[in-house]
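Single-structure report; data block below.
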Amino acid sequence: MRGFEPTKVPPADHDRISFTWKWLEIFYPGNRKIALEPTATGILYFIDIWDVAMNEDNIRNLQTFKALVGEEVLRSVVFVTAKWATEGTMRQRNATNFVKWEEKIRRDFPGASIVRLDDTTGRLDEEDLNELSSADRRRKEREYHNNAMRVLQQLLKKRATQPLLAQREMNRGLALPEAVKETTLWKTTLQYLTKDAAKAVGRDNEKRSSSTLAKLTNLFRS
């Protein structure tokens with residue numbers, strides 16, 4: 001699962017608002033009669049290891065994510081820390097951040113795993129790779145591939161046996177828009193959006209916040 005950016009008004013792609021309606025839209029059965037089976041059997045949540053675990057945006061992102069998956073599926077979630085430095089004091093800073101992230105994940109997401117995508121090597125971007133010799137480039141790519149496969153192998157060991165919380169809540173037989181409004185994911189997103197709208201400074205920001213809130217409320221009416 002790709003991460004998402006802090007909520008903006010109006011919403012941008014991959015922010016919390018878009019994240020909410022896209023997933024609820026996926027899970028709403030409409031007139032279809034379908035068996036309620038896991039849509040996602042494993043979930044990867046990517047973390048930039050340079051991010052501070054306790055800042056407001058990361059806390060909101062994690063709570064929104066938890067409202068999507070639910071407590072019962074946490075054992076099938078793997079939090080993956082990426083963008084590790086390769087050596088020196090920068091890598092030590094990464095290690096310090098990892099401890100903080102690990103403490104938060106263990107506390108707030110019991111049963112989930114947190115791993116390093118780059119255990120012994122950092123990932124170079126394409127420009128940096130092009131500066132390496134052919135042999136060094138192949139070695140770096142092989143190391144990174146092996147690290148990525150290790151993460152995927154861990155995920156496959158903990159396949160989900162239940163649907164995500166949002167999927168279960170969207171399949172309770174309610175009509176729209178009540179089906180959306182009664183989900184934990186919707187309520188969590190709406191809570192943050194309402195809070196941000198109340199803090200908006202200036203007439204233009206307040207107008208945009210109100211407009212976004214109204215659009216989100218009516219997303220599933222059509």
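Just so it is clear, the structure is predicted and the values come from calculations on it, not from any experiment.
Remark: the backbone N or O of Arg75 is paired with a side-chain donor or acceptor of Lys158 at under 3.5 angstrom. Judged by distance alone, with hydrogens and angles left aside, the side-chain atoms of Arg60 form no donor-acceptor pair with the main-chain N or O of Asn55 at under 3.5 Å. Counting only distance, with no hydrogens or angles, the side chain of Glu169 and the backbone of Thr184 share a donor-acceptor pair below 3.5 Å. Remark: side-chain polar atoms of Lys104 are not paired, donor with acceptor, to backbone N or O of Ile59 under 3.5 angstrom. Judged by distance alone, with hydrogens and angles left aside, the side-chain atoms of Trp101 form no donor-acceptor pair with the main-chain N or O of Ile114 at under 3.5 Å. Between the Asn146 side chain and the Arg142 main chain, a donor and an acceptor come within less than 3.5 Å of each other. A donor-acceptor contact shorter than 3.5 Å is absent between the side chain of Thr183 and the backbone of Ala179.
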Practice item. Test Leu190 against Thr20 for side chain to side chain contact (heavy atoms under 4.5 Å, CB included), laying out the working first. Key: CA-CA 10 Å; Leu190 190 62; Thr20 295; over 6 Å; no

Practice item. Assess whether side chain to side chain contact (heavy atoms under 4.5 Å, CB included) is satisfied between Thr96 and Lys100, documenting all intermediate values. Key: CA-CA 7 Å; Thr96 300; Lys100 295 177 180 178; 4.2 Å; yes

Check your understanding: Is there a side chain to side chain contact (heavy atoms under 4.5 Å, CB included) between Leu68 and Leu165 once you walk through the steps?
Key -> CA-CA 6 Å; Leu68 166 70; Leu165 175 62; over 6 Å; no

Review point. Is there a side chain to side chain contact (heavy atoms under 4.5 Å, CB included) between Lys22 and Phe27 once you walk through the steps?
Key: CA-CA 9 Å; Lys22 286 178 181 177; Phe27 291 144; over 6 Å; no

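Using a 4.5 Å cut-off between side-chain heavy atoms of Ile, Leu, Val, Met, Phe, Trp and Tyr, with links allowed through other members, Met90 and Ile49 fall into the same hydrophobic cluster. Follow the hydrophobic side-chain contacts under 4.5 Å out from Val99 and you never reach Ile47; the two are in separate clusters. Side-chain heavy atoms closer than 4.5 Å link hydrophobic residues (I, L, V, M, F, W, Y) into clusters, and following such links, possibly through other members, connects Trp50 to Leu62.
No side-chain heavy atom of Phe46 sits less than 4.5 Å from a side-chain heavy atom of Lys83. Using a 4.5 Å heavy-atom cutoff, the side chains of Leu74 and Pro110 are in contact. At a threshold of 4.5 Å between non-hydrogen side-chain atoms, the residues Asn94 and Arg116 do not count as touching. With contacts defined as side-chain heavy-atom distances shorter than 4.5 Å, the pair Thr64/Thr189 qualifies. Side-chain atoms of Val115 and Thr81, non-hydrogen and from C-beta on, never get closer than 4.5 Å to each other. Between Val180 and Met170 there is a side-chain heavy-atom pair separated by less than 4.5 Å. Inter-residue side-chain proximity for Gln63 and Tyr192 is flagged as met; some heavy-atom pair is nearer than 4.5 Å. Residues Leu117 and Val151 meet the side-chain proximity criterion, which asks for heavy atoms closer than 4.5 Å.
To the nearest 0.5 Å, the span separating NZ on Lys66 from CG on Leu185 amounts to 14.0 Å. Here the straight-line distance linking atom CG of Asn147 with atom CE of Met149 works out to 11.5 Å at 0.5 Å rounding. One finds the CG atom of Leu155 at 9.0 Å from the OG atom of Ser113 (value rounded to the nearest 0.5 Å). Leu152 CG to Lys157 NZ: the interatomic distance, rounded to the nearest 0.5 Å, is 12.0 Å.
More than 12 non-hydrogen atoms from other residues, nucleotides or ligands lie less than 6.0 angstrom from NZ of Lys187. Residue Arg106 places its CZ atom among more than 12 non-hydrogen atoms of other residues, nucleotides or ligands, all under 6.0 Å distant. For Arg159, the CZ atom is loosely surrounded, since the number of other residues' heavy atoms within 6.0 Å does not exceed 12.
Qualifying ring-ring contact (aromatic ring centres under 6.0 Å, His included) partners for Phe79, counting only residues two or more places apart in sequence or in other chains: Tyr45, Phe65, Phe109.
Annotation for Ala95 and Trp84: closest pair N-CZ3, 3.7 Å, computed over non-hydrogen atoms.
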